[in-house]
Amino acid sequence: MLKKTIRVLLSGYKRFNRISRELRKRIKNKPPLISNIPGMAYRCRFDRDWTMEYVSDKCFELTGYHKNQLLRNKVLSYNDLVLPQYRDHLWKVWDDAVRNHKPVYEEYRILTADNQEKWVWEQGIPVYDSKGKLEGLEGLIIDITDRRKAEFSRDSAFLNLEKRMKALENPVGNTENITFLTLFNLDKIQKLQDEFAEAVGVASIITYPDGTPITKPSNFCRLCDIIRGNEKGLINCHVSDAMIGRHHPEGPVIQKCLSAGLWDAGASITVGEKHIANWLIGEVRDENQDAEEIREYARIIGADEDEAAEAYSKTYSMPIEKFKKIAQVLFTLANQISEIAYQNWNQAKFISDLKIAEDQREIALAEKEKLQAMLIQSQKMESVGRLAGGVAHDFNNMLSVILGHSELMLEQIDSSHVFYMNLKEIKQAAERSAALTRQLLAFARKQSIVPKILNLNKTVEGMLSIMQRLIGENIKLSLIPGENLWNVKADISQINQVLTNLCVNSRDAINGSGEITIETSNTILDSAFTAVHPGFSEGEYVKLAVSDNGCGINTKNLQNLFEPFYTTKESGKGTGLGLATVYGIVKQNNGFIDVSSKPGTGSTFTIFLPRAFGKNAVPQENETKKEIKKGIETILLVEDETAILEITAIMLKNMGYNVISSSAPDEALILAEKYAGEINLLITDVIMPGINGRDLSEKILALSPDMKCLFISGYTADVIASQGILNEGIQFIQKPFSMNDLSNKIRVVLES
């Protein structure tokens, strides 16, 4: 029926435009080409109502109106659906497209039948007849409401969907990997080609731009089979097909075939600016051509002359004007397919980009949740740290009193006294409690430290014998020192604490005999490492690793390992502060810690301490401990805790010093102003009501410039330290302190 109709329509040139429209309508309504496109396809007039002449079945899904309600404005116009604030802009965009013969890509909002606002994305083109007269507008409108909601709700720190969607305004900028077969179903295109060839009475084939066939030939004549069956002839055919199918936007290419001199025509199929295929028709005999030309060509390619001449006589023949009209129809049809290909590509790219965006959004959300969990953990650790610092401060004050009195009493009674051992037990219990508070302070990063340049190989080697006695003879302890190890800047007492806690944990994880290995090495953390270790920073570090072959740690416990008071040990065998202390020390020294462990395979704790740089990054010799000396200097003692003030004053007097004591900073300032003699040393608590020890020292130094100052506190406060590291020139002793520690520190300060 189609074949008969088209042949009748082709009988008159005046009816050519009708043929074009019918074929365009045929392509537009052909399910194989648009059935997989979401959204509403349309054809409308160029008027302010956008009067619809055709809409696809998905009109209802998009607008809530049946297509019959929109066609020719039977119930309402499409313009009624467009929100008022977008109407003028949409008209200007289309007006510009019509005047400049260019496509439209636009996003705006519509109001559906159920009064719901939807964001839509429209892509369309103006359509012209062969004389350049505007016939109407064609395009596709899809619902992008979910995408817009996702775009506006997305965290811009992780995704920049706005830029990604802006890129869709020119979606075919990257078409390197596009092929004809990625956009069209070959079976359905083959059927369309066959029906077209049968209807108009010509041969037809679709090829790649270089002439290589994509589809099977339709209505090919015997002469063409002879030529294409010959190697030389086939090569010439491919060259000819490539020339005829070259991209030409003004109209079809019509010329005689290079192989046999038959009339051929072709039109390109493009996506944006990329030429992806040729649609070719032809094998029409030129009635004026001499058969001798065919024989000559047969001789050139080595084909049978008689067979070629006979085949030529039976080849399709039609007036050249008629063939040109068919070629023009082919050109229009190829353009329609190009537009559908363009729409398919746009939609595929849009869906692909949206999927990528959604995948990235999921990754970003997962990363955000991970970071939030890390932040919560950090805040929790910080809160516990502040609590630990406050508790340690008050606890150390009480321990100072207990230790001070027990020391004084032990010096005053004979070792044979009935209470001597009781006092010694009290002193030892206070010292153990002081060690516990030091762990709390290390975790809270409020422990006073005096970092020095260290070589970890020498530092660890000097601790091995102590560590071995600590873990017992049934466990082998070994050191694998790194060669040419870089230096670090750290407090040696903190390194001692770290190794002690890690080795004790490894000892407890080993059932019976086992092995603990301490290893040092230089390492550089790069971006690949820090990418999979959140919180770590790139740079040069010295690695300190402690490994054991114990029972290992399960995944659940690994997550809580550094939390204070968290322990998997039996009741009474662990405080839960060991690893929290290690964590606090490592962080206080700007380092990082990593754990790898599996049940039954042992554990490895790896610490990364920053490499020490600079001309002074050389290990210092250990200072020889000075002998304890008494003194006769005058000391101004300021402490707001009365009990500590009294016991410290007694200690100082027993050492021979002249002591002026005060429990309030204001009173101490008055005493200093009134004192007639020279005050050699100020010993003051750091945290006091009214004025802190640092400010008090500055006021008194204004009166006595030669006076030395020694700060005492339960922890290193920010007023004398930065991040727990004593400020330059500050002398400090941490509570609780023994009489020997105090006397030795005083001499160091006075003689410095």
Worksheet, complete the sentence: Tightest non-hydrogen contact, residues Ile475 and Gly512, listed as CG1-O, 4.1 Å
Item to complete: Using distance alone, with no hydrogens and no angle criterion, decide if Ser513 and Asn474 have a side-chain donor and acceptor under 3.5 Å apart.
Response: no
Response to the item:
On a heavy-atom basis, the closest approach of Asn680 and Leu750 is O-CD2, 3.8 Å
Hey, can you pull the donor-acceptor pairs under 3.5 Å for the side chains in residues 533-548, sequence neighbours left out?
from	atom 1	to	atom 2	distance (Å)
His533	ND1	Phe529	O	2.9
Glu540	OE1	Arg611	NH1	2.6
Tyr541	OH	Ser537	O	3.0
Ser547	OG	Thr604	OG1	3.0
Asp548	OD1	Gly550	N	2.8
Asp548	OD1	Ser603	N	3.4
Asp548	OD2	Ser506	OG	2.9

Fill in: Side chain to side chain, Asp640 and Pro689, heavy atoms closer than 4.5 Å
yes
Worksheet, complete the sentence: Tightest non-hydrogen contact, residues Val401 and Ala643, listed as CG2-CB, 3.6 Å
Worksheet item: When rounded to the nearest 0.5 angstrom, what distance separates CD1 in Ile585 from OH in Tyr583?
Response: 13.5 Å
Worksheet item: Can you tell if the side chain of Leu454 reaches within under 4.5 Å of the side chain of Asn487, non-hydrogen atoms only?
Response: no
Worksheet entry | Flag if over 12 foreign heavy atoms under 6.0 Å of CE, Met707 | yes
Worksheet item: Does the side chain of Ser416 come under 3.5 Å of the side chain of Asp414 through a donor N or O and an acceptor N or O?
Response: yes
Worksheet item: Less than 4.5 Å apart, any side-chain heavy atom of Thr684 and any of Ile712?
Response: no
Worksheet item: Under 4.0 Å between a Lys/Arg side-chain N and an Asp/Glu carboxylate O for Glu633 and Lys708?
Response: no
Worksheet entry | Sidechain-backbone polar pair: Thr648 side chain, Leu645 backbone, donor-acceptor under 3.5 Å | no
Worksheet, complete the sentence: Interatomic distance, CG@Leu485 vs CG@Asn457, rounded to 0.5 Å, equals 4.5 Å
Worksheet item: Yes or no on side chain to side chain contact (heavy atoms under 4.5 Å, CB included) for Asn692 and Met688, after CA distance, side-chain angles and deciding distance?
Response: CA-CA 5 Å; Asn692 63 54; Met688 296 182 293; over 6 Å; no
Item to complete: Could you pull out all residues at least two apart from Ile480 that satisfy side chain to side chain contact (heavy atoms under 4.5 Å, CB included)?
Response: Thr517, Glu519
Side-chain donor/acceptor pairs under 3.5 Å, residues 659-668, sequence neighbours excluded:
from	atom 1	to	atom 2	distance (Å)
Ser662	OG	Ala664	N	3.3
Ser662	OG	Ala664	O	3.0
Ser662	OG	Glu667	OE1	2.8
Ser662	OG	Ala668	N	3.4

Response to the item:
For Ser743 and Met655, the nearest pair of non-hydrogen atoms, with its separation, is CB-SD, 3.4 Å
Fill in: Gap between atom CG of Leu637 and atom NZ of Lys653 - 0.5 Å precision
10.0 Å
Fill in: Atom pair CD1/NZ of Ile516 and Lys476 - distance to nearest 0.5 Å
12.5 Å
Item to complete: Could you tell me which residues satisfy salt bridge (Lys or Arg N to Asp or Glu O under 4.0 Å) with Glu515, sequence neighbours excluded, listed by chain and number?
Response: none
Practice prompt. State the CZ-CG distance between Phe737 and Leu403, to the nearest 0.5 angstrom.
Written response: 10.0 Å
Discussion item. I want to check something: taking the side chain as every heavy atom from C-beta on, are Val638 and Asp685 in contact at a cut-off of under 4.5 Å?
Written reply: no
Discussion item. Which residue is it: Leu502, Val460, Leu456? I am looking for the one with a side-chain contact (heavy atoms from CB on, under 4.5 Å) to Ile518.
Written reply: Val460
Discussion item. With heavy-atom distances below 4.5 Å as the criterion, would you say the side chains of Gln731 and Lys745 are in contact?
Written reply: yes
Discussion item. Working note: Ile607 + Phe592, criterion side chain to side chain contact (heavy atoms under 4.5 Å, CB included); need CA distance, chi angles, decisive distance, verdict.
Written reply: CA-CA 6 Å; Ile607 293 167; Phe592 307 100; over 6 Å; no
Fill in: Straight-line distance of Asn505 CG to Ile471 CD1, nearest 0.5 Å
12.5 Å
Worksheet item: Checking side chain to side chain contact (heavy atoms under 4.5 Å, CB included) for the pair Cys503/Arg507: CA distance, chi angles, key distance, verdict?
Response: CA-CA 6 Å; Cys503 287; Arg507 178 200 66 188; over 6 Å; no
Response to the item:
Contacts satisfying ring pair (Phe, Tyr, Trp, His ring centres under 6.0 Å) that involve residues 477-505 (not counting sequence neighbours) are none
Worksheet, complete the sentence: All heavy atoms of Gly602 vs all of Ser597, minimum pair found to be O-OG, 3.0 Å
Fill in: Minimum side-chain heavy-atom gap Asn589-Val488 below 4.5 Å
no
Practice prompt. Would you kindly say whether Asn496 and Thr500 are connected by a side-chain donor-acceptor distance under 3.5 Å?
Written response: yes
Worksheet item: With distance as the sole criterion, is a donor-acceptor pair present between the side chains of Glu473 and Gln468 under 3.5 Å?
Response: no
List, one per line, each side-chain donor-acceptor pair under 3.5 Å for residues 419-428, sequence neighbours excluded.
from	atom 1	to	atom 2	distance (Å)
Lys427	NZ	Glu431	OE2	2.5

Worksheet entry | For the student: nearest non-hydrogen atoms of Ser752 and Val749, plus distance | OG-O, 2.7 Å
Item to complete: Walk me through it: do Glu678 and Ser704 pass the test side chain to side chain contact (heavy atoms under 4.5 Å, CB included)?
Response: CA-CA 8 Å; Glu678 181 183 3; Ser704 303; over 6 Å; no
Worksheet item: Can you tell if the side chain of Tyr657 reaches within under 4.5 Å of the side chain of Lys630, non-hydrogen atoms only?
Response: no
Discussion item. Within the 4.5 Å heavy-atom criterion, are Ile644 and Lys735 side-chain neighbours or not?
Written reply: yes
Fill in: Donor-acceptor contact present, side-chain Asn501 to main-chain Gln497, <3.5 Å
yes
